[in-house]
Amino acid sequence: MNLMFRKLHRDVRKSVKEAIIELGWDLPDNIPIEEPPRPDMGDVATSVAFELASKLKRSPVKINRELMEVIKKPTIFKEIKSVGPYLNFFINYQNYSESVLETVDEDYGKLETIHEKIILEHTSANPNGPLHIGHIRNSILGDSLSRILSNSGCTVETQYYVNDMGRQIAMVVWGLLNLKFDPSKLADQSPKDIDPYQQIDNIIKEHSKLNDLEGTYLNGLKNILYLQIFIDAELRDHQIGELYFQVNQELKNNPDLKGGVDELLRVYERGNDPLLGFFFKEAVNACLEGMDPTLQRLHVHHKRFIWESKFVRNGSVDEIITKLKKDGHTQENEILCLNLEDYGIEKELVLMRSDGTSLYSTRDLAYHLEKSNESDVVIDILGSDHKLAIQQISIVLGFLDGKSPEVIFYEFITLPEGSMSTRRGVFISVDDLLEESTERAMEEIKKRRDDLSNDEAREIAEKIGVGAVRFYIARLSPEKHIVFKWDEALSFERGCASIQYAHARACKILQKAEFDSSTVNLEGILGKYDLKSPERELVKVISQFTWVVEESARSRKVHLVSQYCLDLASAFNKFYKSMPVIGSEEEEFRLALVDKSRITLRNSLELLGIDAPESM
RNA sequence: GGGCCCGUAGCCUAGCCAGGAUAGGGCAUCAGACUCCUAAUCUGAGGGUCCCGGGUUCAAAUCCCGGCGGGUCCGCCA
């Protein structure tokens, strides 16, 4: 672990403190550390003189003059200058560079293990259609954060909360039981002259036991078979989405059908109709089977999928309700609910419908209690529209002796024409986004490389395309509302591609020079060489990486890492442009610097789930 | 109506929690750089009422109060 950058701050504080003591002044509460606005003004600065000014009744400039008389320069610095009210410290880059290069290894950025288990829930999109660009903000923030937290030494378990009990899923199941898929939308690989449902009828005829099924269940079975036989796994979420859209149309035209959906929900919750349970499970599974390849392609991973129905089946929902009732928190008339007015929330929290079924919030309460029991810290990634709901949940978790989750809220991604909606079938799917992104990357590659095979180009285009999408989301602070625009999302200039490009450049130099890190002796590598400013800047940025990992993990801010990646790439590209490496006087040092840049670029991109191609 | 979030050049954005140097970047615009490790790059220029108005402070994009504009929530939805 590289603590060089941290040491700079520590050494500044220490020497300032000692100087203040020597002058017999009171130590201020805080010795602020800043970075000077320009590199030629120094590397680390402190405005401690401001802190002292009011107590000492002297001007900051005067105070600095006195501090400068007695202050001892830490060895890592070359000099200290007093500029107005600031003390500016200049790094001794000969020493510093050697220390930094020595401590950067292939695992650079991985911090010491701390024994803290975090359960991080993210994505958790309803299985009623494919993932769209509104969902990926959740996935990308969650997955990146999980990588950052793991790197910072925590144990992170990522979970996807599968909603298999809500009304929306019941609507999908209703569609499965009462409607048909549209075979005209089958992919081209199926011959047009066959009727899928005809084939399915034949299959059912051949299985005598299936012949007993009738009515909606028979229809449901046909639809399940349709999905499994005729639809590729990766497209099943799209089919479910279209079915869901169709059901919404039906319901709009005939609101009486709502009763049928409610009945499905009641029966499923009671859990005594195995066949209906089968249809719920199959509907949800079909959708998850379609989402899985999408998430894989984005490098988004979940350790566990937790099905919501579990908390009804295993009795924890009942236990919670019993406990809340017993402790006198609840109010009961037709429904069972909690009055949270004492906690500043006007809106009561309903725990049970008048028909006795549970609600999302009831089950979510049980889920959060489980997460609380299984971890030290619970983190949720949620759209900011869930703020009130999670606030209610948190209060009730307090009644139940559970930990409140830490929540990272993000604002919506909308289209220029308005908000997205699975229900209305208005959205851009992640699959389409990735397809477009890799396609555009492919065009760029073809523009500049004619030496690559199609497969090689494809492979690189995939890394660039996925990287562009992930970076587009990860670079922005989550509380910022995004209006999705293709050209902004898939820009290859000064964005992710420029970072990947810096990495590819580094790889190319090392490859060309046949660099072997194992034979390099870093000691005394610099001799008396006075580093040029692009080299100094690059060394400094490399040394900041550990601190960035720490800081982004602590503050749970993914975009700090994105910003860092850009800074690092920029420092490297400037160095690359202005300093010859191969064949130069300082080749040995510069190759080592290129190698450390390569590692840091790769590891920082890794935190964002972005591949670093070795050639572009 | 009430709660929460956002408002920084034509566009996107960091900085705000922990107030300090000329408000950082990027896109777009303009001017320049490939006989030299890939120009997905680099160098330079112009462009700002940090939404508005008060207040606190030696010092406010940052903290406090009041507005304005946009988003979102206030379901026996999830």
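Letters A, B, ... are given to chains in the order of the sequence lines, protein chains preceding strands, and every chain is numbered from 1.
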Applying side chain to side chain donor-acceptor pair (under 3.5 Å) to Lys310(A) and not counting sequence neighbours gives Glu370(A)

By the 4.0 Å heavy-atom rule, please label Gly84(A) as base, sugar-phosphate, or nothing. nothing

Output the rounded distance in Å from NZ (Lys485(A)) to P (G10(B)). 15 Å

Would one find a side-chain N or O of Arg448(A) under 4.0 angstrom from OP1 or OP2 of U38(B)? no

With sequence neighbours excluded, residues passing side chain to side chain donor-acceptor pair (under 3.5 Å) with Gln544(A): none

Give Met41(A) one of three labels, base, sugar-phosphate or nothing, depending on what nucleic acid heavy atoms sit under 4.0 Å from its own. base

NA contact type, Glu346(A), heavy-atom cut-off 4.0 Å: base, sugar-phosphate, or nothing? nothing

Please work out which of the three classes, parallel, tilted or perpendicular, describes the rings of Tyr161(A) and Tyr367(A), given edges at 30° and 60°. parallel

Is Arg353(A) close enough to C77(B) that one of its side-chain N or O atoms is under 4.0 Å from OP1 or OP2 there? yes

A40(B) and U35(B), which share atom name P, separated by this distance in whole Å: 15 Å

Give one of base, sugar-phosphate or nothing for Asn128(A), where a contact means two heavy atoms less than 4.0 Å apart. nothing

Output one line per pair: protein atom, nucleotide atom from nucleotides 26-30 of chain B, and distance, for all N/O pairs under 3.5 Å.
residue: G26(B); atom: OP1; partner: Arg494(A); partner atom: NH2; Å: 3.3

Considering only heavy atoms, which members of residues 563-582 of chain A lie under 4.0 Å from some atom of RNA chain B? Asn573(A), Lys574(A), Tyr576(A), Lys577(A), Met579(A), Pro580(A), Val581(A), Ile582(A)

Report yes if some heavy atom in the side chain of Lys347(A) is under 4.5 Å from a heavy atom in the side chain of Gln392(A); otherwise report no. yes

State the pairing partner of G48(B); accept Watson-Crick or G-U wobble contacts with both distances under 3.5 Å, and report none otherwise. none

Validation: residues 593-601 of chain A side-chain donor-acceptor distances under 3.5 Å, sequence neighbours left out:
residue: Asp595(A); atom: OD1; partner: Arg598(A); partner atom: NE; Å: 3.0
residue: Asp595(A); atom: OD1; partner: Arg598(A); partner atom: NH2; Å: 2.9
residue: Lys596(A); atom: NZ; partner: Val104(A); partner atom: O; Å: 2.8
residue: Ser597(A); atom: OG; partner: Leu593(A); partner atom: O; Å: 2.7
residue: Arg598(A); atom: NH2; partner: Glu106(A); partner atom: OE2; Å: 3.0
residue: Thr600(A); atom: OG1; partner: Lys596(A); partner atom: O; Å: 2.7

Asp487(A) bridged to Lys485(A) by N-O distance under 4.0 Å: no

For Arg590(A), is there an ion pair with Glu535(A) - N to carboxylate O distance below 4.0 angstrom? yes

Across the strands shown, which category fits Ala504(A) at heavy-atom distances under 4.0 angstrom: base, sugar-phosphate, nothing? base

For His386(A), which residues count as a ring-ring contact (aromatic ring centres under 6.0 Å, His included) partner, sequence neighbours excluded? none

When you check the phosphate oxygens OP1 and OP2 of G7(B), does a side-chain N or O of Lys480(A) lie under 4.0 Å from one of them? yes

Sorted by chain and number, sequence neighbours left out, side chain to side chain contact (heavy atoms under 4.5 Å, CB included) with Pro85(A) holds for Phe50(A), Pro60(A)

Any strand is fair game: report the nucleotide pairing with C58(B) by Watson-Crick or G-U wobble, both distances under 3.5 Å, or none. G20(B)

Which nucleotide in the set C76(B), U41(B), C37(B) lies at the smallest distance from any side-chain heavy atom of Ser498(A)? U41(B)

Check this for me: does any side-chain nitrogen of one of Glu411(A) and Arg137(A) sit under 4.0 Å from a carboxylate oxygen of the other? no

So that I can tick it off, tell me whether Arg440(A) and Glu443(A) are bridged by a salt bridge, with the cut-off set at under 4.0 angstrom between side-chain N and carboxylate O. no

Using a cut-off of 4.0 Å on non-hydrogen atoms, how would the nucleic acid contact of Pro36(A) be classed: base, sugar-phosphate, or nothing? base

For C37(B), take OP1 and OP2 only and decide whether either is under 4.0 Å from a side-chain N or O of Arg505(A). no

With a 4.0 Å limit, can you tell me whether Ser615(A) has a side-chain N or O closer than that to the phosphate oxygens OP1/OP2 of U38(B)? no

Checking Ser144(A) side chain against Leu141(A) main chain: does a donor-acceptor pair fall under 3.5 Å? no

Nearest-Å distance once atom P is located in both C65(B) and C4(B): 10 Å

Which residues pass the salt bridge (Lys or Arg N to Asp or Glu O under 4.0 Å) test with Glu587(A), not counting sequence neighbours? none

Sequence neighbours excluded, the answer for ring-ring contact (aromatic ring centres under 6.0 Å, His included) partners of Tyr576(A) is none

Any strand, both distances under 3.5 Å, Watson-Crick or G-U wobble: A14(B) pairs with none

When the nearest nucleotide of RNA chain B is assigned to Glu35(A) and to Phe412(A) on a heavy-atom basis, which residue is associated with the more 5' position? Glu35(A)

Note, Phe545(A) side chain near Leu568(A) side chain (heavy atom, < 4.5 Å): no

Both distances below 3.5 Å, Watson-Crick or wobble geometry, any strand: find the nucleotide opposite G2(B). C73(B)

Out of A40(B), U22(B), C77(B), minimum distance to the side chain of Ala497(A) belongs to A40(B)

Residue matched to A33(B) through Watson-Crick or wobble contacts both under 3.5 angstrom: U41(B)

Over all strands shown, is Arg554(A) touching base, sugar-phosphate only, or nothing at heavy-atom distances under 4.0 angstrom? base

Short side-chain N/O contact to G7(B) OP1/OP2 from His481(A), under 4.0 Å: no

So, are Arg554(A) and Glu550(A) salt-bridged, with charged N and O less than 4.0 Å apart? no

Electrostatic pair Lys281(A)-Asp164(A), nearest N-O below 4.0 angstrom: no

For RNA chain B, which residues of residues 356-370 of chain A approach it to below 4.0 angstrom with any heavy atom? Leu359(A), Tyr360(A), Arg363(A)

With the criterion being N/O to N/O and under 3.5 Å, what pairs connect the protein with nucleotides 56-62 of chain B, and how long is each?
none

Looking only at A18(B), U38(B), C76(B), the nucleotide nearest the Arg449(A) side chain is U38(B)

Counting the atoms with a prime plus P, OP1 and OP2 as sugar-phosphate, which does Ile345(A) contact under 4.0 Å by heavy atoms, base, sugar-phosphate, or nothing? nothing

Partner of Leu388(A) under side chain to side chain contact (heavy atoms under 4.5 Å, CB included), picked from Leu349(A), Ile393(A), Ile345(A), is Ile345(A)

Could you give the CG-to-P distance, from Leu476(A) to G7(B), as a whole number of Å? 12 Å

Students often get this wrong, so: under 4.0 angstrom with heavy atoms, is Ala502(A) touching a base, only sugar-phosphate, or nothing? nothing

What parts of residues 381-391 of chain A reach RNA chain B, counting only heavy atoms under 4.0 Å away? Asp385(A), His386(A), Lys387(A), Leu388(A), Ala389(A)

With a 3.5 Å cut-off and no angle check, do the side chains of Asn339(A) and Glu348(A) form a donor-acceptor pair? no

